[in-house]
There are 4 protein chains.
Amino acid sequence: MSQIIKAGLVGVTGYTGMELARLMVHHSSMELVRVTSRAEAGKKLADIYPFLNQLPLGNLVITQPDPADLAEECDVVFLAVPHKTAMGIAAVLLDKGVKVVDLSADFRINDKATYEEWYDVKHTEAGLLSEAVYGLPELYLDQIMGARLVANPGCYPTSAILALAPALSGKFIETEDIVIDAKSGTSGAGRGKNLGTLFCEVHDSFRAYGLPRHRHTPEIEQEISKLAGTDIIVSFNTHLLPIDRGILSTIYTKLTGEMSLDAVHQAYTDFYSDKPFVRVLPKGQLPETRFVKGTVFCDIGLVVDPRTNRLVIISTIDNLCRGASGQALMNANLICGLDVDEGIPMAPMMP
Amino acid sequence: MSQIIKAGLVGVTGYTGMELARLMVHHSSMELVRVTSRAEAGKKLADIYPFLNQLPLGNLVITQPDPADLAEECDVVFLAVPHKTAMGIAAVLLDKGVKVVDLSADFRINDKATYEEWYDVKHTEAGLLSEAVYGLPELYLDQIMGARLVANPGCYPTSAILALAPALSGKFIETEDIVIDAKSGTSGAGRGKNLGTLFCEVHDSFRAYGLPRHRHTPEIEQEISKLAGTDIIVSFNTHLLPIDRGILSTIYTKLTGEMSLDAVHQAYTDFYSDKPFVRVLPKGQLPETRFVKGTVFCDIGLVVDPRTNRLVIISTIDNLCRGASGQALMNANLICGLDVDEGIPMAPMMP
Amino acid sequence: MSQIIKAGLVGVTGYTGMELARLMVHHSSMELVRVTSRAEAGKKLADIYPFLNQLPLGNLVITQPDPADLAEECDVVFLAVPHKTAMGIAAVLLDKGVKVVDLSADFRINDKATYEEWYDVKHTEAGLLSEAVYGLPELYLDQIMGARLVANPGCYPTSAILALAPALSGKFIETEDIVIDAKSGTSGAGRGKNLGTLFCEVHDSFRAYGLPRHRHTPEIEQEISKLAGTDIIVSFNTHLLPIDRGILSTIYTKLTGEMSLDAVHQAYTDFYSDKPFVRVLPKGQLPETRFVKGTVFCDIGLVVDPRTNRLVIISTIDNLCRGASGQALMNANLICGLDVDEGIPMAPMMP
Amino acid sequence: MSQIIKAGLVGVTGYTGMELARLMVHHSSMELVRVTSRAEAGKKLADIYPFLNQLPLGNLVITQPDPADLAEECDVVFLAVPHKTAMGIAAVLLDKGVKVVDLSADFRINDKATYEEWYDVKHTEAGLLSEAVYGLPELYLDQIMGARLVANPGCYPTSAILALAPALSGKFIETEDIVIDAKSGTSGAGRGKNLGTLFCEVHDSFRAYGLPRHRHTPEIEQEISKLAGTDIIVSFNTHLLPIDRGILSTIYTKLTGEMSLDAVHQAYTDFYSDKPFVRVLPKGQLPETRFVKGTVFCDIGLVVDPRTNRLVIISTIDNLCRGASGQALMNANLICGLDVDEGIPMAPMMP
């Protein structure tokens, strides 16, 4: 690479910001030159993230989020701020010629009304919705490479869409009655100071939450409907795991006819044959969140139950890496003309 | 109580044995007089369970499992040994006039052939199957009180059957397409020395296992079919949680017609109105495993999703207490003429 | 018991309040009739603690902390509020003839100046300091039984003082150079909404904190100086464990002369021979926090290292039970004329 | 790099073997060409480590440990087998001209008699003891670069020696009365199938173990005695943390005279000024195991307590990475002529 890509990160204090900082330590073609936080501006990054002590990135000074400054210094900017906040910043940056990878939900839903219904806010930049590309590289590689604005997928949707894509596009499962039982590590709940995510409220316990209207529902339905070529309504249900990272989605579907595990497995393997970050596991193996921790892999295990003629699909991702910042970095690589896997870790820490 | 019931425990070294020992510390009408283990015979109970140091129970000497000795010393015996091992011991003890609460699967399945198919062993005491009572007090209270032999329910079945009973007996959900997504703490995997349950293999990870043929399937199907009055086949799927105790089952059903959450909630509340150990949570509340830890409560949360016309039932129990030894103690209380709740803890440790 | 003692709890929303609520579920001679919280007044206790659903205590309505009301309704009041807040409430309640068990630090330090130096606030009720009894039953049983105001010991001090008492009163360790390396579960950090106690900031990590001036230092020094009959300065150092409950203190001392483990063990056993809640473990056994979880036991393990002529004392308690609310309940029992162990659990949940 | 270094790994199934496999995924100048295991020979590496599915390393077939084969195929071999087993393999490999990094204790102790006393086995290759270099790069960089046989340091000794080196070589702490209170994650206990390391025996608990004669004691004493120029006896005490990885050592020392934190901090900073993998934290900061997880950093926090004139040194490492395989890889890099940090990760996963 003759020239280093200069990147900015708006919202460095949350877990997605922290994760992007981690990944950038080892990226040799892209460099973080701006990180912003209203609350922590003026500090060095190592002051809030001591794991960066004595690393070059640790000396970067946190700034106030100033679009003009970001536009001047950066080729590409990651938005790791809440939905509603992101849309305005994105519009300004694009206007100034900067590429944007938005980790919020603001540009994921193609339909303005659907967004406004589920997120309960006005969309003030709806003109950008048609331009934004949904940043799932396995489905939209070409569009991403040509994009100015990438809507980085949600964590749950990433795990659900990748798990369902081969079966729906292959039309061998029914489009009705799909049930997604999803479980996420606690980093997915964010880094806000909430009673419900204190150590002693989460540790050694397990619970469901958000039923029956989790906001990732329309995003999943939008993408799997496109894959199936018909409108799909899913039952999407979320749970909180006492682990740091990881999503495991157990997805219950009905086969349209009799179909062997061999045939299902072959269809999945074919679908992902040239997509190295989705691993269809050998028959009989089931995924575990630890096998993908810290990586962008999506592992998929397949179970055919002849008693019920169901196909049960189990997928795992790391919610912070593949489900947020790792995928954002893949997208940033792509829109900046780099290889998709530059700076992307391939091996989880185990144990 | 004029006289203390004398109890024996065959198989004290596993987690169900350990849990029964814990419960008996505070039982004022029943006393453990025999605890057995082939491997640890000769030691005092406090030697293997230091939490019993300087408590009277800690001085009890572990013996070899000798049915004649147990029959002579005990009014009632708990069998906390693996299936297949339990059936023979139960037969001998019953023959000698001792009451038996069997925590294994040996007498849970009414049909010999079904048992032998799923457990892959011959049933050598099938003559006792018709006499054995399924020890779920909410469903079989009267039969338990008159029983000599109680088949203590499995942990997953307890959570699933209690969750489904009101809906199936009330006939407002379809009997097809029931999906049970169950998650259990690691104590459910037993105390054997296995690689898969080492701390570093379980901690900070999550996985499914046993799909699609977990052995608790026929037990669930047997009981919910009785409740519904028709044969039911379920999709039953299990996962391993990085917590010590607790089962949370998320159960996906379809309402037979439109039905409000109010109506569903009322039906559940009515069904369990005189059964204090099942708590139908207030509308809008969802259960958490920590709220039942160490108790025999089964907490049930109800969600009606109008988008899919589904009733999602979420139930939690403590797999070791309600799912094993606590329920066994309830059953022992009942067959010995004590109040069902003697020595039963009502408050979990939180946090 | 002819009459139920009526108790109040000021500050029910923290972990010590939660723990006292848990314990009171099974207390048959004392009843909580008032629980207070400025933020949650008006709710039922089960609304904030769902584990109390459908238990009688769950229906108790939380009130504003009103000393006049408390005095009218209660025989004894537990103060589970921060230091500085507690002192004023205590004074009013005592004035109205109510007995008080204060879980804060306000009355633990006999010397006003020392308190003010370490806690950095004025003591406005110093007149009560000479009357307050330090509520460690193993050392002050008689004084507690006659007290109106009990200063409930801190969690770390309980573990340290009980561990050192036999050696210091027996004068077989040096009073200089005592080092206490203490580790506490996260519930000890309270239930406030802090970044540092979020699940993802604590889980799977370990750290020291508060060095070199933890506020429990003068409390430990005060009590062990009395035991030794000479002023002692200790090195007291604290760490945060990724567990819910439990303190383990490893205490490094030097033997004044050569002394065998047998002799040390005998001295400890003698010292605690009639004090059933301190368990001197058999030689060669070391304590684990899980063996005391949810109980008021203090387990003590002893190690003599001939290479260094050191006695290493390891003690464990449950910081919330023995280190706070369980010990407070023991004290309340004593000042109300009940047996010290009424309503006190003896068996931890394991696993 | 013109040529890829070919490496072998004897003993791939333990946690140190697993960790080395993880690290080698991203090493661009060294390649694993042999991995051995008596029990798993014939399988592909991905069969036992599913995180390697579809990575090139995952296709490597596990072989029986055959020194002749290893010698033929490898430039350097890592020995990740138990002490006593390692010494013989090392001798054969060296004889055949292969370089060896031994992760066991077999060549760490210079004195044969001391080794035999603490490890309770005969040393059959004592002739190699004088040649073996203790593989702590901060202390022995030049010797390592010229070595054929590197004795990779133990995990606890790494954390203790690096923490004490500046103070002992600077002669500002007393050499008597050093107390090391060390806490390790459970991966340090190995991957054997033991009751004591089952999830339910470790999770949510904490304990000391191995007192007063942990085998790492003589290794620590040997190295710190060299640094101090006098024989030192330490009190070394170990505890088991319910975390996967990480060692935190709290080390209690006495300053020889009055010395400010500024001066101590300066001495430490100077000592490690050109050694980038030891990070002396800014004054007032204390280390946490999570900040070094998965890396070879050793973080050091310094506390001066004027009340006791003590210097408390707190150090953290990752026991599997810096304490075993990561340091082994640093050593292998050095003896093979590569940069010490090739393939060494710099950023931990947080959370």
Side-chain angles (χ1 to χ4, degrees), chain A residues 15 18-19 21-27 44 46-47 49-58 185-188 191 203-204 242-245 269 272 275-282 285-288 290-295 297 299-301 316 318 320-321 344-351, chain D residues 15 18-19 21-27 44 46-47 49-58 185-188 191 203-204 242-245 269 272 275-282 285-288 290-295 297 299-301 316 318 320-321 344-351:
Chain A
Y15 288 127
M18 188 193 286
E19 174 74 347
R22 169 181 84 93
L23 294 169
M24 297 300 282
V25 168
H26 284 286
H27 202 303
K44 290 194 306 172
D47 293 338
Y49 295 146
F51 72 86
L52 294 175
N53 261 316
Q54 300 180 22
L55 294 176
L57 185 54
T186 302
S187 60
R191 207 163 173 234
H203 178 67
D204 213 30
I243 65 176
D244 286 327
R245 297 169 174 244
T269 305
Y272 287 121
K275 300 176 175 72
F277 293 120
V278 178
R279 300 190 290 200
V280 181
L281 298 188
Q285 280 191 23
L286 296 179
E288 311 190 15
R290 60 180 172 151
F291 297 146
V292 299
K293 190 158 55 173
T295 77
F297 286 115
D299 280 1
I300 295 178
T316 51
D318 180 320
L320 284 185
C321 195
I344 301 292
M346 298 289 162
M349 249 189 286
M350 282 187 49
Chain D
Y15 287 127
M18 188 193 285
E19 174 73 349
R22 169 181 85 93
L23 294 169
M24 296 300 284
V25 168
H26 284 286
H27 203 302
K44 291 195 305 174
D47 293 337
Y49 295 146
F51 71 86
L52 294 175
N53 262 315
Q54 300 181 22
L55 295 176
L57 186 53
T186 301
S187 60
R191 211 167 172 231
H203 177 67
D204 214 29
I243 66 175
D244 285 328
R245 298 169 174 242
T269 304
Y272 287 120
K275 300 177 176 70
F277 294 120
V278 177
R279 300 190 291 200
V280 181
L281 299 187
Q285 279 190 24
L286 296 179
E288 312 190 14
R290 60 181 173 150
F291 296 147
V292 299
K293 191 159 54 173
T295 76
F297 287 114
D299 280 2
I300 295 177
T316 51
D318 180 320
L320 285 185
C321 195
I344 301 292
M346 298 289 163
M349 250 189 287
M350 283 187 49

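We name chains A, B, ... by the order of the sequence lines, and we start the count at 1 in each one.
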(message) Please give me the minimum heavy-atom distance between Pro351(A) and Leu320(D), naming the atom from each residue.
(response) CD-CD1, 3.6 Å
(request) Look up atom OG1 in Thr316(D) and atom CZ in Arg290(D), then write down how far apart they are to the nearest 0.5 Å. (result) 11.5 Å
(message) Could you measure the distance from the CD atom of Gln285(A) to the CZ atom of Phe291(A)? Nearest 0.5 Å is fine.
(response) 8.0 Å
(message) Under 4.5 Å from any heavy atom of chain A, what part of Leu23(D) do you find: side chain, backbone, both or neither?
(response) neither
[options]: which one forms the most heavy-atom pairs within less than 4.5 Å of chain A?
{"options": "Thr186(D), Asn53(D), Val25(D)", "result": "Asn53(D)"}
{"options": "Ser187(D), Gly294(D), Gly185(D), Pro50(D)", "result": "Pro50(D)"}
{"options": "Pro282(D), Pro348(D), Ala21(D)", "result": "Pro348(D)"}

Using a 4.5 angstrom heavy-atom cutoff, name the option from [options] with the most pairs to chain D.
{"options": "His203(A), Arg191(A), Glu288(A)", "answer": "His203(A)"}
{"options": "Arg22(A), Met18(A), Arg279(A), His26(A)", "answer": "Arg279(A)"}
{"options": "Leu281(A), Thr295(A), Val292(A), Leu55(A)", "answer": "Leu55(A)"}

(message) Looking at Asp318(A) and Lys293(A), is any side-chain nitrogen of the basic one under 4.0 Å from a carboxylate oxygen of the acidic one?
(response) no
Please state whether the side chain, the backbone, both or neither of [X] comes within less than 4.5 Å of a heavy atom of chain D.
{"X": "Phe297(A)", "result": "side chain"}
{"X": "Leu57(A)", "result": "neither"}
{"X": "Arg245(A)", "result": "side chain"}

(request) Quick one: do Tyr49(A) and Lys44(A) satisfy side chain to side chain contact (heavy atoms under 4.5 Å, CB included)? Show the steps, please. (result) CA-CA 9 Å; Tyr49(A) 295 146; Lys44(A) 290 194 306 172; over 6 Å; no
(message) Contact between Met346(D) and Phe277(D) at the side-chain level, heavy atoms closer than 4.5 Å - yes or no?
(response) yes
